[in-house]
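All remarks here apply to the structure that follows.
Not measured: the values here are computed from a predicted model.
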Amino acid sequence: MNRHQDTEDQISPTKRSHHKDQEDGLRQVLQEMEALYEQNQSDVNEAKSEGRAKLIPSIKLRHCCLLRNQRCVTAYLYDRLLRIRALRWEYGSVLPANVRFHMCAEELQWFSQYKKSLASFMRSLGGNEGLDITQDMKPPKSLYIEVRCLKDHGEFEIDDGTVILLKKNSQHFLPRWKCEQLIRQGVLEHVVS
């Protein structure tokens with residue numbers, strides 16, 4: 001099974017409803033935190049003004065619940081960001097529509113900022129041309145590979161100026177580094193002899 005199929009499995013309809021449940025769960029945790037905070041504020045004010053020391057254990061318990069919920073929400077959001085960052089390395093700077101569909105506006109904005117930051121960093125490497133560090137994720141065994149086009153993609157230019165028409169089911173012998181991005185996007189597949 002290829003990586004693209006794995007991603008498709010991760011966002012299947014059952015996973016989609018799971019993601020929606022997680023958003024609802026996050027919303028519920030935030031509402032609970034707001035309620036705990038408001039109750040604590042009320043009890044703190046009452047304890048101060050009326051000197052009711054018996055409220056302090058309840059205040060401390062709610063405060064511990066708030067801290068726990070904060071840690072859980074932070075861990076969840078951090079995990080989401082790590083997964084979104086990994087998508088940039090797997091798919092490149094353009095995410096497939098079926099992946100974008102499962103991201104909220106803030107996540108898409110974060111992805112856009114991350115890819116711009118990464119592009120800026122890559123331009124700063126290797127002199128005038130920059131260095132694409134997303135290529136050759138595994139050391140190549142050869143510089144050229146045979147690839148089969150999985151869908152019509154149009155014209156594709158390689159370094160020597162040769163323009164190749166990538167039509168569905170056509171096979172080509174191309175420089176590995178020029179193909180890796182298209183392989184990750186599902187346009188080409190590596191033909192293993």
Side-chain angles (χ1 to χ4, degrees), residues 1-31 70-125 130-140 145-158 164-172 174-192:
M1 188 180 298
N2 64 30
R3 277 190 285 178
H4 300 292
Q5 184 62 41
D6 291 343
T7 304
E8 302 258 340
D9 292 344
Q10 290 173 355
I11 54 176
S12 66
T14 56
K15 295 287 183 179
R16 238 179 264 153
S17 64
H18 179 68
H19 179 66
K20 180 67 174 153
D21 292 343
Q22 286 178 332
E23 284 183 16
D24 291 342
L26 184 60
R27 193 170 292 112
Q28 288 174 354
V29 169
L30 293 175
Q31 289 170 349
Q70 181 183 22
R71 285 192 310 271
C72 291
V73 167
T74 302
Y76 170 75
L77 293 174
Y78 183 68
D79 181 65
R80 291 281 299 171
L81 288 182
L82 290 178
R83 290 172 188 252
I84 294 168
R85 183 178 69 181
L87 291 173
R88 167 57 182 94
W89 290 84
E90 182 176 345
Y91 288 105
S93 60
V94 179
L95 292 175
N98 61 345
V99 173
R100 282 193 320 268
F101 175 75
H102 299 289
M103 297 168 64
C104 67
E106 291 81 9
E107 290 172 333
L108 289 169
Q109 180 182 7
W110 189 89
F111 178 82
S112 177
Q113 289 173 343
Y114 178 73
K115 76 178 183 184
K116 287 177 185 174
S117 178
L118 182 61
S120 175
F121 173 70
M122 290 189 300
R123 278 192 305 273
S124 72
L125 300 173
L131 178 66
D132 188 354
I133 60 175
T134 63
Q135 297 295 322
D136 293 328
M137 299 303 287
K138 295 178 185 173
I145 59 172
E146 187 172 0
V147 292
R148 178 180 301 116
C149 194
L150 299 174
K151 54 186 167 186
D152 290 337
H153 185 71
E155 292 183 347
F156 180 68
E157 185 174 346
I158 57 176
I164 299 167
L165 183 60
L166 297 177
K167 293 176 65 175
K168 186 174 182 172
N169 296 324
S170 63
Q171 287 192 204
H172 308 278
L174 301 172
R176 174 183 295 274
W177 70 275
K178 290 292 280 185
C179 302
E180 278 196 347
Q181 197 73 33
L182 293 174
I183 291 171
R184 279 184 269 175
Q185 292 174 357
V187 174
L188 299 175
E189 75 174 342
H190 183 188
V191 177
V192 182

When you look at Tyr78 and Val73, which way does the side chain to side chain contact (heavy atoms under 4.5 Å, CB included) test go after all the steps?
CA-CA 8 Å; Tyr78 183 68; Val73 167; over 6 Å; no
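- Going from atom CD of Gln109 over to atom SG of Cys104 covers 9.5 Å, rounded to the nearest 0.5 Å.
- Between Asp152 and Leu166 there is no side-chain heavy-atom pair separated by less than 4.5 Å.
- Counting heavy atoms from C-beta outward, Ile183 and Glu189 have side chains that stay 4.5 Å or more apart.
- Nearest heavy atoms, Cys149 versus Lys167: CB-O, 3.0 Å.
- Here the CG-NE2 distance, from Leu95 to His102, works out to 12.0 Å after rounding to the nearest 0.5 Å.
- Pairing each heavy atom of Met103 with each of Phe111, the nearest pair is CE-CB, 4.2 Å.
- Under a 3.5 Å cut-off, the side chain of Thr74 and the backbone N or O of Gln70 do form a donor-acceptor pair.
- Leu30 has its side chain out of reach of Arg27: every pair of non-hydrogen atoms, C-beta onward, lies at least 4.5 Å apart.
- Counting all heavy atoms, side chain and backbone alike, His190 lies closest to Arg176 at CE1-NH2, 4.3 Å.
- Heavy atoms from other residues, nucleotides or ligands lying under 6.0 Å from CD of Gln113 number more than 12.
- For the residue pair His172 and Ser170, the shortest heavy atom distance occurs at NE2-OG, 2.9 Å.
- Nearest heavy atom pair, residue Ile84 against residue Trp110, reads CG2-CE3, 3.8 Å.
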Check the pair Phe121, Ile133 against side chain to side chain contact (heavy atoms under 4.5 Å, CB included), reporting the backbone distance first and the verdict last.
CA-CA 10 Å; Phe121 173 70; Ile133 60 175; 3.9 Å; yes
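- Residues Arg100 and Pro96 form no side-chain contact, since every pair of their non-hydrogen atoms from C-beta on lies 4.5 Å or further apart.
- Under the side-chain contact (heavy atoms from CB on, under 4.5 Å) test applied with Leu174, the options Ile145, Ile164, Leu182 reduce to a single match, Ile164.
- At a threshold of 4.5 Å between non-hydrogen side-chain atoms, the residues Thr134 and Met122 count as touching.
- Put simply, CD on Glu106 and CG on Leu81 are 11.5 Å apart, with the number rounded to the nearest 0.5 Å.
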Show the numbers, then the answer: is there a side chain to side chain contact (heavy atoms under 4.5 Å, CB included) between Val187 and Lys151?
CA-CA 6 Å; Val187 174; Lys151 54 186 167 186; 3.9 Å; yes
Start with the C-alpha distance between Val191 and Gln171, add both sets of side-chain angles, then the distance that settles side chain to side chain contact (heavy atoms under 4.5 Å, CB included), and finish with yes or no.
CA-CA 8 Å; Val191 177; Gln171 287 192 204; 4.3 Å; yes
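- Taken to the nearest 0.5 Å, the OG atom of Ser117 stands 11.0 Å off from the CZ atom of Arg88.
- At a threshold of 4.5 Å between non-hydrogen side-chain atoms, the residues Cys72 and Val29 do not count as touching.
- Val99 is listed as a side-chain neighbour of Tyr91, based on a closest heavy-atom distance under 4.5 Å.
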